[in-house]
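What follows is a short report on a single structure.
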Amino acid sequence: MLPIVALPAFLVLNIAALLPPNQEADLLIENATVYTVNKAQPKVRALAVKAGRILAVGDNLSAYAGPATERLDLRGATVVPGLIDSHAH
């Protein structure tokens, strides 16, 4: 069972993977090791972002690139889901 904090990242990445490439990404992160927190697809090589939201994860997301898309080659660097913790006591 996934911990509660990992569940939002799991859901976001799974839902994002289902969207068709009908939008142009603002940012395309490529040549990376992206950990998705998805047992069916634990690692991918690319991540597409639009307006601060994940559009898609996969190994080749060139379909999301347009003339205004910033492309970032991570040269194998690792990307992990971010967790926000208010650390309230």
Side-chain angles (χ1 to χ4, degrees):
M1 182 165 180
L2 288 174
I4 295 293
V5 294
L7 191 57
F10 175 77
L11 292 174
V12 167
L13 291 174
N14 278 312
I15 292 169
L18 299 175
L19 295 175
N22 61 356
Q23 295 188 45
E24 181 180 304
D26 296 327
L27 173 65
L28 187 56
I29 298 171
E30 302 172 292
N31 193 23
T33 301
V34 181
Y35 289 95
T36 65
V37 195
N38 176 350
K39 287 182 182 180
Q41 189 180 26
K43 290 190 283 188
V44 294
R45 307 229 356 110
L47 175 70
V49 179
K50 174 78 173 181
R53 294 187 172 260
I54 297 171
L55 283 178
V57 295
D59 290 323
N60 182 0
L61 299 180
S62 295
Y64 288 92
T69 301
E70 178 184 357
R71 295 180 91 144
L72 184 59
D73 181 353
L74 292 191
R75 294 182 268 174
T78 301
V79 177
V80 295
L83 302 174
I84 299 172
D85 179 12
S86 65
H87 202 76
H89 290 266

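- Residue pairs meeting the salt bridge (Lys or Arg N to Asp or Glu O under 4.0 Å) criterion with at least one partner in residues 58-71, sequence neighbours excluded, are E30-R71.
- In plain terms, the two heavy atoms of S62 and N60 that are nearest each other are OG-OD1, 2.9 Å.
- Under the side-chain contact (heavy atoms from CB on, under 4.5 Å) criterion, R75 pairs with N31, D73, not counting sequence neighbours.
- Residues passing the side-chain contact (heavy atoms from CB on, under 4.5 Å) test with A32 are I29, V34, L74, V79, sequence neighbours excluded.
- Nearest approach of Y64 to T69, heavy atoms of both residues: O-OG1, 3.8 Å.
- Partners of V49 according to the side-chain contact (heavy atoms from CB on, under 4.5 Å) rule, which considers only residues two or more places apart in sequence or in another chain, are L27, L47.
- Between K43 and T33, the closest heavy-atom pair is CD-CG2, 3.7 Å.
- Between P67 and E24 the shortest heavy-atom distance is CD-OE1, 3.6 Å.
- Counting all heavy atoms, side chain and backbone alike, Q23 lies closest to L55 at OE1-CD2, 3.8 Å.
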